[in-house]
Protein chains: 2
Amino acid sequence: MKIGELAKRCGLSVHTIRYYERIGLLPMADRDQSSHRDYDDAILTWIGFLTRLKTTGMPIRDMLRYARLRQQGSETAGERRQLLEHHRQQVRAHVAGLQESLLVLDAKIAGYAAPQLKGQNHE
Amino acid sequence: MKIGELAKRCGLSVHTIRYYERIGLLPMADRDQSSHRDYDDAILTWIGFLTRLKTTGMPIRDMLRYARLRQQGSETAGERRQLLEHHRQQVRAHVAGLQESLLVLDAKIAGYAAPQLKGQNHE
DNA sequence: CCTTGACTTCGAGTGCGCTCGAAGTCCTAG
DNA sequence: CTAGGACTTCGAGCGCACTCGAAGTCAAGG
């Protein structure tokens, strides 16, 4: 698979894929006879996971750390697990915060929805 | 209240407060005889709400839109309500996405936590 | 043969949200 | 009188994560 097709299939732009390779998030791609990048379907799994980390708010530097551990092989499994557990905690905390904010938002909207009440000042 | 104290009480930096005023998120502050900004406690409520919008992922340009409507008075209440309802939907969707990701993360961690199983490839 | 279009590298540019520093003013305490 | 510290404006700089454009190479189709 060439980079254009990979881009279509994973949802990243061609530019972004090359950028990710440059910074080390993606392994150096194999090349075909024209030195065009030639990808295996397996990369889709990895990009999918990276995307998952990204959408849950992990900064690139942390994804990078995970990516490097992964390249070092199975003896880093413990460290990778730790990293993911830590991240999971972050995400849980973030979700909890958002849910609290949703309550505030609900209350605020309820205030706007009750214009018949005097004393609503919408501050 | 001067800007330094406000900063302490609202959690923004002095620099950020001035920045927010500059871009229109905060109203032009009243000045004392030394042309230092002089704040009323009421500003804390507004900053608190802005912070809530920020932590729920609203971009500054949208906060700005809300802030401008607010300054235009009560006839914009409907539009403000709409804006908040739209934002609430965004936040709900975001929470749902995060919760789905948490399941994926759980599964991934469970894979690391079961090293006795052959065939775990941690991809 | 020639055009088309997808690929290549490289470095510069973008948008967001701050963050900082310089240079100056002004009040207060010693 | 003076030193300190908090304030003022202004514009520049930063970190993040891309995003883009120029200039070139290469293979396939008409």
Side-chain angles (χ1 to χ4, degrees), chain A residues 1-40 43 46-68 87 90-91 94 97 101, chain B residues 1-40 43 46-68 87 90-91 94 97 101:
Chain A
M1 180 182 11
K2 285 193 280 177
I3 198 170
E5 201 199 330
L6 176 60
K8 268 170 214 148
R9 289 175 62 185
C10 76
L12 298 177
S13 75
V14 168
H15 279 304
T16 302
I17 294 170
R18 281 196 286 251
Y19 166 69
Y20 278 5
E21 180 182 313
R22 214 156 63 227
I23 65 173
L25 267 190
L26 298 179
M28 299 298 283
D30 294 341
R31 304 306 181 104
D32 67 13
Q33 70 291 349
S34 307
S35 53
H36 291 187
R37 288 172 182 78
D38 189 13
Y39 293 97
D40 189 276
I43 196 76
W46 175 234
I47 292 178
F49 185 60
L50 284 179
T51 301
R52 191 66 78 171
L53 294 179
K54 183 179 72 177
T55 64
T56 50
M58 185 182 285
I60 281 193
R61 63 179 168 284
D62 294 355
M63 292 195 247
L64 215 41
R65 187 159 152 251
Y66 187 90
R68 283 195 278 251
H87 182 57
Q90 303 283 303
V91 178
H94 188 197
S101 288
Chain B
M1 179 179 19
K2 284 193 280 175
I3 197 171
E5 202 200 329
L6 176 60
K8 267 169 213 148
R9 290 175 62 184
C10 76
L12 298 176
S13 76
V14 168
H15 279 303
T16 302
I17 293 169
R18 281 195 288 250
Y19 166 69
Y20 278 5
E21 180 181 313
R22 216 159 57 230
I23 65 173
L25 269 190
L26 298 179
M28 300 296 283
D30 294 341
R31 304 307 181 105
D32 67 13
Q33 71 290 351
S34 307
S35 53
H36 291 187
R37 288 172 181 79
D38 190 12
Y39 293 98
D40 189 275
I43 197 76
W46 174 234
I47 292 178
F49 185 61
L50 286 177
T51 302
R52 189 67 76 175
L53 294 179
K54 182 178 72 176
T55 65
T56 50
M58 184 182 284
I60 282 192
R61 62 181 167 282
D62 294 355
M63 292 194 245
L64 216 41
R65 185 157 155 253
Y66 187 90
R68 282 194 279 251
H87 182 57
Q90 302 282 304
V91 178
H94 188 197
S101 288

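For clarity, every value in this text was computed on a predicted model and none was experimentally measured. Proteins get letters first, then strands, A, B, ... in listed order; numbering begins at 1 in each.
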For this session: Mind grabbing the angle between the end helix axes of the helix from C:dC1-D:dG30 to C:dG30-D:dC1? Five pairs an end, 10° rounding.
Result: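 Rounded to the nearest 10 degrees, the bend comes out at 20°.
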
Nearest whole angstrom, please: distance from the [atom2] of [N] to the [atom1] of [X].
X	N	atom1	atom2	value
B:Ile17	C:dT19	CD1	P	12 Å
A:Met63	D:dC18	CE	P	7 Å
A:Asp38	C:dA6	CG	P	17 Å
B:Arg31	D:dC7	CZ	P	12 Å
A:Ile3	D:dT25	CD1	C1'	16 Å
A:Tyr19	C:dG13	OH	C1'	14 Å
B:Leu6	D:dA6	CG	C1'	14 Å
A:Asp32	D:dA27	CG	P	9 Å

For this session: With sequence neighbours left out, write down each residue that passes side-chain contact (heavy atoms from CB on, under 4.5 Å) with A:Thr56, or none if nothing qualifies.
Result: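 With neighbours one apart ignored, the set is A:His87, A:Val91, B:Leu98, B:Ser101.
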
Problem set entry | Qualifying residues under side-chain contact (heavy atoms from CB on, under 4.5 Å), relative to A:Arg9, sequence neighbours excluded |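 A:Met1, A:Glu5, A:Asp41, A:Leu44.
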
Exercise. Nearest heavy-atom pair of A:Ile43 and A:Leu26: which atoms, and what distance?
Worked result: CD1-CD2, 4.3 Å

Problem set entry | Non-hydrogen atoms of B:Ala67 and B:Gly24 that approach each other most closely | CB-O, 3.9 Å

Exercise. Measuring from B:Leu25:CG to B:Trp46:CH2, what's the distance to the nearest 0.5 Å?
Worked result: 7.0 Å

Seminar exercise, completed: Rounding to 0.5 Å, atoms CG (A:Leu64) and CG (A:Leu50) come to a distance of 9.5 Å

Exercise. Listed in order of residue number, which residues of residues 50-62 of chain A have a non-hydrogen atom at under 4.0 Å from DNA chain D?
Worked result: A:Lys54, A:Pro59, A:Ile60, A:Arg61

Distances for protein N/O vs nucleotides 28-30 of chain D N/O pairs under 3.5 angstrom?
none

Exercise. With respect to the phosphate group of C:dT8, does any side-chain polar atom (N or O) of A:Arg37 fall under 4.0 Å of OP1 or OP2?
Worked result: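 It does, given that an N or O in the side chain of A:Arg37 lies less than 4.0 Å from OP1 or OP2 of C:dT8.
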
Exercise. Considering only heavy atoms, which members of residues 20-27 of chain B lie under 4.0 Å from some atom of DNA chain C?
Worked result: B:Tyr20, B:Arg22

For this session: Test B:Leu6 against every option in B:Asp38, B:Asp40, B:Leu12, B:Ile47 by the side chain to side chain contact (heavy atoms under 4.5 Å, CB included) rule and name the one that passes.
Result: B:Ile47

Problem set entry | Residue pairs, two or more places apart or on separate chains, that pass salt bridge (Lys or Arg N to Asp or Glu O under 4.0 Å) and touch residues 49-65 of chain B |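 Qualifying pairs: A:Glu100-B:Arg52, B:Arg65-B:Glu79.
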
Exercise. Mind checking what makes side-chain hydrogen bond (donor to acceptor under 3.5 Å, both in side chains) contact with B:Ser13, not counting sequence neighbours?
Worked result: B:Thr16

Problem set entry | Where protein sits on nucleotides 21-27 of chain C, one letter per nucleotide: B base, S sugar-phosphate only, - none, heavy atoms under 4.0 Å | B----SS

For this session: Quick one: list whatever passes ring pair (Phe, Tyr, Trp, His ring centres under 6.0 Å) with B:His94, sequence neighbours left out.
Result: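 With neighbours one apart ignored, the set is A:His94.
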
For this session: Name all pairs fulfilling the side-chain hydrogen bond (donor to acceptor under 3.5 Å, both in side chains) condition that reach into residues 17-32 of chain A, sequence neighbours left out, sorted by first residue then second.
Result: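 Qualifying pairs, neighbours excluded: A:Glu21-A:Arg37.
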
